[in-house]
Amino acid sequence: MPWEPIKLNSGYYMPSIAFGTWKTGNGQGPIDQVKQALGNGYNHIDTAQAYKNEEETGVALKETELSRSDVFVTTKYSGTNGLDIPTSIKNSLSNLGLLDVDLYLVHAPRLAVPDIPTCWAQMEKVQDDGLAKSIGISNFGVKDMETLVASARIKPAVNQILLHPYVYERQKPILEYAAKNGIIIEAYSALIPITKSPGGPLDKPLNEIAAKFGATTEQILMAWTKAKGAVVVTSSSKRTRLQGYIAAGDITLSAEDIAAIDAAGALGEEK
Ligand SMILES: NC(=O)C1=CN([C@@H]2O[C@H](COP(=O)(O)OP(=O)(O)OC[C@H]3O[C@@H](n4cnc5c(N)ncnc54)[C@H](O)[C@@H]3O)[C@@H](O)[C@H]2O)C=CC1
Ligand SMILES: O=CCc1c[nH]c2ccccc12
């Protein structure tokens, strides 16, 4: 299997590519987009309180042929409407029509109120109470993680962060700290060098490596992210793109390919 499941520090396995539901509200709606992803090789769905599509995600999960145990569901505490963590997780489960989620994340460190240790103790209770199989964080920097780990009984299983070659140097300390502490990195917006920042130093190596593999540049960015040991959370309303991302799991970049992408990435910061 190309995108191998990754074992989390909770003992559970997480599929290493996820379909993200942020901004699935346009055109084809979230229900159809989640169903399309589930029908095209995705068994990991990423949503959040803030995305306001947990109910639609729940409908898609009910309507799919896959059983609950075949799909890994992530949602996040986003501090929406000023609700606290115990209330938010119950609302999310009710919206999703589920008894538990596979992964519950604190969406950003600024949401950890009144402070990170107090917030994390509430997350630990969510896991203790069986409402989430694993708990984690998103957008946490090294200092945030140090504060959390210093008082944690349960270490975060995952830190979901921005990761692509133009921010790799900046984000590397987060990857290193996570690796030392058994925290899996999940990368969002891996395609930004193509979707938002084309015309930079990455274009040449990405095009050359893509031509060598007979692949698209999106697929090469996905393969690079995978090579960094990260889980990928991506999205598209287009079936062919979704299928292309799955196929990217078969691409193994050489050390030289990775070095060329790292070097070009370090030359240009995100625009
Ligand atoms: N925790 C957090 O703060 C965040 C989490 N996320 C999660 O990650 C998921 C994916 O985030 P994205 O930034 O959308 O990921 P992404 O970088 O993988 O981009 C996917 C988007 O790029 C488009 N795309 C693909 N190839 C393209 C091409 N050749 N030309 C133009 N557009 C192309 C797709 O249609 C899709 O809209 C979200 O749905 C959400 O679940 C995203 C942002 C922040
Ligand atoms: O997850 C994507 C970005 C986003 C949208 N709403 C929120 C709320 C809190 C943190 C991040 C985000």
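Remember, it's 1-based here, ligands and their atoms both numbered in the order they're listed.
With a 4.0 Å heavy-atom cut-off, ligand 2 is reached by the side chain of Arg110 but not by its N, CA, C or O. For Tyr51, every heavy-atom contact with ligand 2 shorter than 4.0 Å involves the side chain, none the backbone. Contact annotation for Leu191 and ligand 1: heavy atoms of both the backbone and the side chain come within less than 4.0 Å of the ligand. Under 4.0 Å from ligand 1, not a single heavy atom of His164 appears. With a 4.0 Å heavy-atom cut-off, ligand 1 is reached by no atom of Phe19. Contact annotation for Lys23 and ligand 1: no heavy atom of the residue comes within less than 4.0 Å of the ligand.
The single protein non-hydrogen atom nearest to atom 3 (O) of ligand 1 is Asn139 ND2, 2.9 Å, given as residue, atom name and distance. The nearest protein atom to atom 6 (N) of ligand 2, hydrogens excluded, is given as Ala50 CB, 3.5 Å; this is a heavy-atom distance. Protein heavy atom nearest atom 40 (C) of ligand 1, with residue, atom name and distance: Tyr51 OH, 3.5 Å. The nearest heavy-atom contact from the protein to atom 43 (C) of ligand 1 is Tyr188 CD1, 3.3 Å. For atom 36 (C) of ligand 1, the closest non-hydrogen atom of the protein is Ser235 O, 3.1 Å.
Test Asn139, Thr234, Asp46 against Tyr188 for side chain to side chain donor-acceptor pair (under 3.5 Å) and you get one pass: Asn139.
Residue His107 has at least one nitrogen or oxygen atom sitting less than 3.5 Å from a nitrogen or oxygen atom of ligand 2, judged on distance alone.
Ring to ring, His107 and Tyr51 are close: their centroids are under 6.0 angstrom apart. The aromatic ring centres of Trp224 and Tyr168 sit less than 6.0 Å apart.
A donor-acceptor pair is defined here as one N or O able to donate and one able to accept, closer than 3.5 Å; such a pair exists between the side chain of Asn207 and the backbone of Asp203.
Looking at Ala48, Ser189, Pro193, Gly20 and measuring to atom 12 (P) of ligand 1, the nearest heavy atom belongs to Ser189. Between Glu186, Gln219, Arg241, it is Arg241 that holds the heavy atom closest to atom 26 (N) of ligand 1.
A salt bridge is absent between Asp144 and Arg110; no separation between the charged side-chain nitrogens and carboxylate oxygens falls under 4.0 Å.
In the hydrophobic cluster analysis, where Ile, Leu, Val, Met, Phe, Trp and Tyr join through side-chain heavy atoms closer than 4.5 angstrom, Val101 is grouped together with Val34.
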